[in-house]
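Written below as structure tokens is the structure these notes are about.
All residue numbers in this chain count up from 1 along the given sequence.
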Amino acid sequence: MRLTILGGGGFRVPLVYGALLGDHAAGRVTHVTLYDEDPARLGAMARVLADQAAASGVADAPAVTAARDLDEALRGADFVFSAIRVGGLEGRAADERIALAEGVLGQETVGAGGIAYGLRTVPVAREIARRVARTAPEAWVINFTNPAGLVTEAMAEELGDRVIGICDSPVGLGRRLARLLGARPEEAWIDYVGLNHLGWVRGLRIAGRDELPRLLADTGALESFEEGRLFGAEWLRSLGAIPNEYLHYYYFNRDTVRAYAEAKQTRGAFLRDQQRGFYAEAGRADQAPGAALAAWDRTRAEREATYMAENREAAGTGERDASDLESGGYEKVALALMRAIARDERATLILNVRNRGVLSELDARAVIEVPCLVDANGAHPVAVDPLPLHAVGLVTSVKAVERAVLAAAASGSRADAVKAFALHPLVDSVGVARRLVDGYAAEHPGLAHLR
């Protein structure tokens, strides 16, 4: 099989390639094409992957080639993995800074920052989807580009059910809960439902028994893992569920905005500076074998250790535990998804797919994040119980925002863009929404038409 990675110079590409190196089954990926508009990043990442292949000892490691033309990269692909970042980390840092100046959250996928990122990304994602449909109509697209649910819904306008979104947050949460309850993650059924970065675990069935009530009754157990420490046992028991970590931005909004405002630098600025150093080091042609991979390993360890540091600061939870530093596993989800489709190896995965009536509060084309049964015909969402009212409010409000972003990206209308910002639960004024649109339009060339 042939895999094309869009955003092939991106920092997480070695996670995907590492998973491919460990796949020895028949019908595996034999060729990887990297596509990226930044030749320096592409060159650095090619060195890291070469080091990975050499260190793995795999004799028939997937071949890696680089392409600078998008159609060339797509031609002949069986799977297309989309992990682009429109505006780069400089754009993310600006998204955070402009929002914080208005006293609202500027996180990459949540609130004002997520809307700005979506407005930049949706037009590009739509064009990629059109190119895939024309150049590689039989390919399956796996989307990890953030905001993942919104971007997947935009691409589905052209690709229908042949685009599937993935995220590592539900995977990581389910894995931690299963292990805490003494089960292997693959043995547990996770009753998870919501939108990307806006979902809840409402049950965890092990050997046919829902063990979540037992966990919710145990304060010590609840506060022994990442999400439990973030939200606190009392609030989790009030909800009767375990929220995705990103709901901390909603439930403790003032606390997180204050922590972000008081931080030495925003997350985007930290990653921008960190990765600037990494790509400069990994891209040097005079390095010894293995040096590029070693630089990537060091950088990734620091990146994981500082993930959501401001939220932990707001919650007073301290440093991340060693058990929480393990990668969320999106590369494993991507590999399992490709296997299930290509080999008809049925799997159950939490994915971002079209609703198809699973959540009655949303229409059929709305992309939601739920457990899916995957086979050669794609991903099929599993029926779930109705959402509680508090969750209905958040899910429908944020979906309305996503629809406004899609409309604004298509129309180029300032009014549509203001509507997207003003409707978000974490933006508290139409006046603030208007100033945010002006600020982002002044900062990002691709949004200048909104002024």
Side-chain angles (χ1 to χ4, degrees), residues 1-36 39 41-83 132 135-136 138-144 162 164 166 168 171 186 282-285 287-297 299-300 326-347 349 374-376 378:
M1 294 192 300
R2 299 177 67 90
L3 169 66
T4 293
I5 302 179
L6 307 181
F11 186 79
R12 286 188 164 188
V13 169
L15 294 175
V16 178
Y17 191 64
L20 297 178
L21 287 170
D23 182 21
H24 304 296
R28 67 190 183 91
V29 171
T30 57
H31 190 278
V32 177
T33 300
L34 305 179
Y35 172 79
D36 201 291
R41 287 167 62 92
L42 199 58
M45 198 48 59
R47 288 188 173 89
V48 175
L49 300 195
D51 284 350
Q52 273 188 299
S56 72
V58 175
D60 56 347
V64 177
T65 58
R68 293 297 310 280
D69 178 77
L70 178 56
D71 286 344
E72 174 194 346
L74 294 173
R75 198 168 291 116
D78 297 292
F79 290 91
V80 176
F81 193 93
S82 181
V132 172
T135 308
E138 299 303 312
W140 290 87
V141 176
I142 301 174
N143 177 61
F144 191 68
R162 294 191 78 86
I164 300 168
I166 63 173
D168 51 355
V171 176
E186 58 270 23
R284 290 198 341 254
Q287 293 186 96
L293 178 58
W296 180 80
D297 280 331
T299 306
R300 183 173 69 92
E326 180 184 350
S327 168
Y330 88 91
E331 70 282 0
K332 297 174 184 175
V333 180
L335 183 59
L337 178 56
M338 287 191 288
R339 280 175 171 165
I341 293 174
R343 308 172 195 167
D344 202 15
E345 292 182 3
R346 298 192 175 191
L349 303 167
V374 188
D375 57 22

>> For the OG1 atom of T30 and the CG atom of L3, what is their distance to the nearest 0.5 Å?
In response: 10.0 Å

> What residue pairs, at least two apart or across chains, pass salt bridge (Lys or Arg N to Asp or Glu O under 4.0 Å) with a residue in residues 52-64?
Replying inline: R28-D60

>> So K332 and V171, do their side chains get closer than 4.5 Å, heavy atoms only?
In response: no

> Can any side-chain N or O of Y35 pair as donor or acceptor with the backbone N or O of D71 at less than 3.5 Å?
Replying inline: no

> Which heavy atom in M45 sits nearest to a heavy atom in G10, and how many Å separate them?
Replying inline: CE-O, 3.3 Å

> Do you know the tightest heavy-atom contact between S82 and N143?
Replying inline: O-OD1, 3.7 Å

> For the atom pair CZ (R12) and CZ (F144), what is the distance rounded to the nearest 0.5 Å?
Replying inline: 4.5 Å

> How many angstroms lie between CG in L6 and OG1 in T33, if you round to the nearest 0.5 Å?
Replying inline: 10.0 Å

> For V333 and D168, what are the C-alpha separation, side-chain angles and deciding distance, and is it a side-chain contact (heavy atoms from CB on, under 4.5 Å)?
Replying inline: CA-CA 8 Å; V333 180; D168 51 355; over 6 Å; no

> Are I164 and I341 side-chain neighbours, meaning at least one heavy-atom pair lies under 4.5 Å?
Replying inline: yes

> Listed by chain and number, what are the salt bridge (Lys or Arg N to Asp or Glu O under 4.0 Å) partners of D344, not counting sequence neighbours?
Replying inline: none

>> Please enumerate all residues that pass salt bridge (Lys or Arg N to Asp or Glu O under 4.0 Å) together with D297, with sequence neighbours excluded.
In response: none

> Side-chain contact, heavy-atom cut-off 4.5 Å: L337 with F79?
Replying inline: no

> Of all residues at least two apart in sequence or in a different chain, which pass the salt bridge (Lys or Arg N to Asp or Glu O under 4.0 Å) check with R346?
Replying inline: none

> What is the minimum heavy-atom distance between A282 and R47, and which atoms define it?
Replying inline: O-CD, 3.3 Å

> Do the side chain of D51 and the main chain of A292 share a donor and acceptor less than 3.5 angstrom apart?
Replying inline: yes

> Between V29 and D78, is any pair of side-chain heavy atoms under 4.5 Å apart?
Replying inline: no

> Can you name the closest pair of heavy atoms from L293 and A55 and give their distance?
Replying inline: CD2-CB, 4.4 Å

> In chain order, what residues pass the ring pair (Phe, Tyr, Trp, His ring centres under 6.0 Å) check against F11, with sequence neighbours excluded?
Replying inline: F278, W296

> Taking the side chain from E331 and the backbone from G18, do they hold a donor-acceptor pair closer than 3.5 Å?
Replying inline: no

> Nearest heavy-atom pair of M338 and I142: which atoms, and what distance?
Replying inline: CG-CD1, 3.5 Å

> So which heavy atom on A73 is nearest to which on A67, and how close?
Replying inline: CB-CB, 3.9 Å

>> Counting C-beta onward and ignoring hydrogens, is there a side-chain heavy-atom pair between V13 and V32 closer than 4.5 Å?
In response: no

> Quick one: CG on L70 to OG1 on T135, what's the gap to the nearest 0.5 Å?
Replying inline: 7.0 Å

>> Give me each pair satisfying side-chain hydrogen bond (donor to acceptor under 3.5 Å, both in side chains) with a member in residues 61-70, each pair once, sequence neighbours excluded.
In response: H31-T65

> Measuring from R339:CZ to M1:CE, what's the distance to the nearest 0.5 Å?
Replying inline: 9.0 Å

> Counting only N and O atoms by type, is there a donor-acceptor contact under 3.5 Å from the side chain of R162 to the main-chain atoms of E138?
Replying inline: yes

